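Report on one structure; see the data block that follows.
Everything numeric here is computed off the predicted structure, so don't read it as measured data. Residue numbers begin at 1 in each chain, while the letters A, B, ... track the order of the sequences.
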Amino acid sequence: MNTMNTGRIERIVKEALSIGRKVLVEPEAKEVLRLASFPVPRSKAVKDVAGAIDAAREIGFPVALKLISPDIIHKSDAGGVFLNIMDEKEIEEKWSRIILGIADDYPTALIEGFLVEEMVKKGAEVIIGCVRDEQFGPAVMFGIGGVTVELMKDVSFRLAPITREEAFEMMGEVKGFPILTGYRGQTVKDLDAIADALIKLGDIVGRVEGIKELEINPLIVHERGAVVADARAVLR
Amino acid sequence: MHKKNNLSAFFSPSSIAVVGASGSTGKISGVILESLRNSFRGAIYPVNPRYSEVMGLKCYPSIEAIGSPVDLAVYALPAEAIPEAVFNAGGIAKGAVVVSGGFAETGPAGAALEKALKEAARSTGTRVIGPNCMGIYDTVSGLDTFFIPRERVRRPGRGGLSIISQSGSFAVTAMDELATDGIGVARVVSYGNKADVDEADCLDFLAEDPETKAVAIYIESIEDGRRFIEAASRCSAVKPVMAVKVGKAASGISAARSHTGAIAGRYEIYRAAFKKAGIIELNGYEDFLVACKAFGLTTSAAGNRVMIITDGGGMGVNIADACEQMGLSVPGLPEEVEEELRAAFPSYYGIGNPLDLTGSATDESFAFALSKTMSGDFYDMVIVAALWGPPALTDNLPGMLAQKPGFTEKPIIACTPGGAYSSERIKLFHEAGLPAFLTPEAAVRAASVLSKRRGRPL
């Protein structure tokens, strides 16, 4: 049975708010999700290159290296994410690329550190999110990853709390749905895991008042199970 | 805030005071008084200290001077005078309809007046519809506070459709078109600024109202979303509820938000709310009108399988295309039905779905085709597209179809494309109780709306 540690989630949110934050950075957002029984990859937040190399050794290559900054919410777009790093030399190289890139493009951004993370096995990428509406309360969104969400707005919404049936309706409503069910020789993905994720995401925002938006992008879905590859939260 | 949800004063009043009454039909209060004299069966009390008689009715200097309680007071006074007038009528009038504008819609000074009106309502326990609204048009009680002269805007006759609307002009325009088309309504409520009575209150009332068979809502904004969903869910559980939401502008993409936040425009949330509440989503005025006509005359379809019967092959294929586009299915004829039709009809008829009765069509062939295809569980509704060219077709056709030989509940949607002669036939269908549309696309829209009630969450 999935459980949710609401008390500890609230504490994370409260601490972030108490230091004047408007967002949760990736490790915090992932901790929130882990406390709600979402599968989250192994990771370690570090402050320097030596720490990153130690963490990568401990986790085992290949790893992902990601910038942690409360000022940069879309960090892939900002050049703050490198995936599939194979060795120590590459960690050093990518580390400098991120630092230099951010210094050029976002000179005022606060860099809190880096996240070294186990690589998630390839799968279908979906976006799931929940946004709190002033009038109607939390609404859950589902979309297939990549350009279809941003460009085509191929997404579906339901008001939380949602039932399992509604979760499946949401998946079926997007045009990209066949990508999850074996389109062009792909394997059939774990739709139950997506439904669980949609239901739980709505529950978190429903219970934790301080969260305005919570998003998993992407949730990587396999034949069995789904893993949170990246996440962010906006507080209120 | 806890609200005692008793709107009976608005929907079954036996007495009405018109405060600010005027004998001039060029004035709002004059139009209202004239309408009430025409259709309201209860007691009417004009109130205005300047007159002793208005339109042949005794006029009272104040609402207190009437000397007995009234169910409803209609106020056509300047905004500044409203809060005090409503307060003074406390204990005399159970309900208030404030048609006057000049409140929150005009700015801070108006908002302060609206706050004072709310306070007057709360402290006296008076329920208020408005301000800045047209109020109520009710064919059951005969109440009509819509202050547009009847020669400008026709009033629909009695029917089962109820309309609730934030916009008075939207409601009144729809009413005019429905009246012109011969489609009736039960209750129409325009509540404007919703100082007290809002859509949730109305939905609670209409859910239990035996006169209301279907509800159409026009929405600009909803304040208490969850309460709306609860009320709409209760109503949609017992009768069809449909809504149009205007103001769909998408929110801009902002770097400070998640993708979800940026994509979640107001309209997406409203759509999600409609789904949650089992509300059929309508897209704009045209859709609203089609839905009103469809649900005003017939009932929900159990599914989305459409049978198409026509005497014009091309029109039939066009309708089939439109059906596919709108998510309706047009399944072929079951074998036994096909055999029966082949045996009964000449060999040059196009037997299939669409079924083409050709230029040799008669009233009887339409009725026969209807009974054979719609009995049994093969189709959920039928679109009958009658082109009026075939000389054997007569004005008896609508009545013959409306008898529904061999089946009962399934909706029949008529479509009569063409010019003056054809469009005049629409009225015949409506008189027979069948929704009818001039264009194939409008008929298919109606079919789509009728099919959407199934599968809603409880």
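Rounding to the nearest 0.5 Å places CD of A:Glu173 at 4.0 Å from NZ of B:Lys275. Residue B:Lys276 holds its NZ atom at 7.5 Å from CD1 of A:Ile162, rounded to the nearest 0.5 Å. Here the CZ atom belonging to A:Phe157 is positioned 13.5 Å from the OH atom belonging to B:Tyr267, to the nearest 0.5 angstrom. Atoms CG and CZ, from A:Leu159 and B:Phe274 in turn, are 10.5 Å apart once rounded to the nearest 0.5 Å. Rounding to the nearest 0.5 angstrom, the gap separating the OH atom in B:Tyr270 from the CZ atom in A:Phe136 is 4.5 Å.
B:Glu286 CD: 12 or fewer foreign heavy atoms inside a 6.0 Å radius. Enclosure of atom CZ in A:Arg164 by more than 12 non-hydrogen atoms of other residues, nucleotides or ligands within 6.0 angstrom is indicated. In A:Arg97, the CZ atom is not crowded: 12 or fewer heavy atoms of neighbouring residues, nucleotides or ligands sit closer than 6.0 Å.
Between A:Gln135 and B:Ile269, every side-chain heavy-atom pair lies at or beyond the 4.5 Å cut-off.
Every side chain to side chain donor-acceptor pair (under 3.5 Å) that A:Thr6 has, sequence neighbours left out, goes to A:Arg207. The ring-ring contact (aromatic ring centres under 6.0 Å, His included) search around A:Phe168 returns none, not counting sequence neighbours.
Residue contact with chain B, scored on non-hydrogen atoms closer than 4.5 Å, involves the backbone of A:Ala160 exclusively. At a 4.5 Å heavy-atom cutoff, the contact between A:Pro138 and chain B is made by backbone and side-chain atoms alike.
Listed in order of number, the residues of residues 217-225 of chain B that approach chain A to under 4.5 Å between heavy atoms are B:Ile222, B:Glu223, B:Asp224, B:Gly225.
Pairs of residues two or more places apart, or lying in two chains, that qualify as side chain to side chain donor-acceptor pair (under 3.5 Å) and include a residue from residues 12-25 of chain A are A:Arg21-A:Glu28, A:Arg21-A:Glu112.
Here the shortest heavy-atom pairing between A:Pro161 and B:Arg226 reads CD-NH1, 4.2 Å.
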